[in-house]
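Heads up: the structure comes next, in structure tokens.
The figures that follow rest on heavy atoms only: side chains count, while hydrogens, waters and symmetry mates do not. For this chain, numbers begin at 1 and follow the sequence in order.
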Amino acid sequence: MSATPAALALALARTFLFVPADRPERHARALATHAGGVIVDLEDAVAPERKAAARAQLRASFAALSAAERGRLLVRINARDTPWFDGDRALVGELAAEGLIAGVVLPKAERAADLQQLAAGIGPNGVLVPLIESAAGLDAARELAAAPQVLRLAFGNLDFQADLGLACDADEAELLPVRLALVLASRRAGLAAPIDGVTPDWRDAARLAADAARARRGGFGAKLCIHPDQVAPVHAALGPGADELAWARRVMDATQAAGGGVVSLDGRMVDAPVVRLAERLLAFDSQKPRPDG
């Protein structure tokens, strides 16, 4: 995985906002939401007859953005088994070489070889986000997570249900084992926590809150968003609360006062795993929405 500043920021991002590739006027507006990452979508958001035109106008759209904004840009290309994949792959290779994007999202990811091909095309500084959307993708999750330049795994919850013929309720209880498998694959590969799937009704604030809370309980570090109004509440829900941050600061203060040795805080032993948890909470808190530029 690349260790550029853009990659490090995306590894800690809590929100990834989709925006259609063929609506260039929305690209800067999506970045203005302060989403940790913006995914410019050449796949589901663009009709087949518009894909070539959408592809052709991305360079001009991205060139108008600042370097900091481009460091938050990912492009979701079309899947490997579509007629648009080769053209998309060539385009993102050019965009990455020109410093216009940070990386690529691969939908229907099922083969590590496809990620290796993309990694070679975008160069060593580009990052990859495989989107797990099928039974075959789940079976290959460990290999996908270990592929070159993979930053994080992401879960395509709606497509996954369709692939398996599931009829989940809103709580998606049937998908809990799938989500755990992605968290485990990410941990084994040393990746940042995976990115959870979408909440399809952007107007349902209660559902969004429940989905984000489930994601955090389940070990996910970020969530895909389909509307700008989802970004702020998801960012808040996936970050540490005030009580957690206060506890983390007390842990670090107590550890420093003890010279790094084991101490007791509130009747609980503070050893290395507890210190790592405190450090992780404080690192997440440092990833606040910031002005672009």
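- Tested against Ser61, the residues Arg26, His27, Arg23, Glu25 include a single side-chain hydrogen bond (donor to acceptor under 3.5 Å, both in side chains) partner, His27.
- Val274 is not listed as a side-chain neighbour of Met269, based on a closest heavy-atom distance of 4.5 Å or more.
- Looking only at atom types and distance, the side chain of Lys108 has no donor-acceptor partner in the side chain of Thr82 under 3.5 Å away.
- Electrostatic pairing of Arg89 and Asp86 counts as a salt bridge here, judged by a charged N lying under 4.0 Å from a carboxylate O.
- At a cut-off of 3.5 Å, with distance as the only test, no side-chain donor of Thr4 or Asn125 sits close to an acceptor on the other residue.
- Comment: Asp211 engages Arg207 in a salt bridge, judged by a side-chain N to carboxylate O separation of less than 4.0 angstrom.
- Connection of Val129 to Leu238 is not established within any shared hydrophobic cluster, with ILVMFWY side chains joined at heavy-atom distances below 4.5 Å, either directly or through further cluster members.
- Judged purely by distance below 3.5 Å, without hydrogens or angles, the side chains of Gln161 and Glu172 pair a donor atom with an acceptor atom.
- Note that the CD1 atom of Ile132 and the CG atom of Leu138 stand 7.5 Å from one another [nearest 0.5 Å].
- When side chains are defined from C-beta on, Arg250 counts as touching Asp266, because their heavy atoms get closer than 4.5 Å.
- A salt bridge is absent between Lys223 and Asp196: the closest approach of a Lys/Arg side-chain nitrogen to an acidic carboxylate oxygen does not fall below 4.0 angstrom.
- Here the side chains of Val150 and Pro130 are in contact, with some heavy-atom distance below 4.5 Å.
- Looking only at distances, no side-chain donor or acceptor of Arg152 sits under 3.5 Å from a matching main-chain atom of Leu191.
- The CZ atom of Phe16 sits 4.0 Å away from the CD1 atom of Ile195 when rounded to the nearest 0.5 Å.
- In this structure, a donor-acceptor pair under 3.5 Å is present between the side chains of Glu110 and Ser134.
- Between Asp201 and Arg203 a salt bridge is recorded (basic side-chain N to carboxylate O distance below 4.0 Å).
- Residues Leu65 and Ala28 approach most closely at CD2-CB, 4.1 Å, considering heavy atoms.
- Using a cutoff of 4.0 Å between basic side-chain nitrogens and carboxylate oxygens, Asp81 and Arg111 are scored as salt-bridged.
- The pair Lys51-Asp88 does not count as a salt bridge, with every side-chain nitrogen at least 4.0 angstrom from each carboxylate oxygen.
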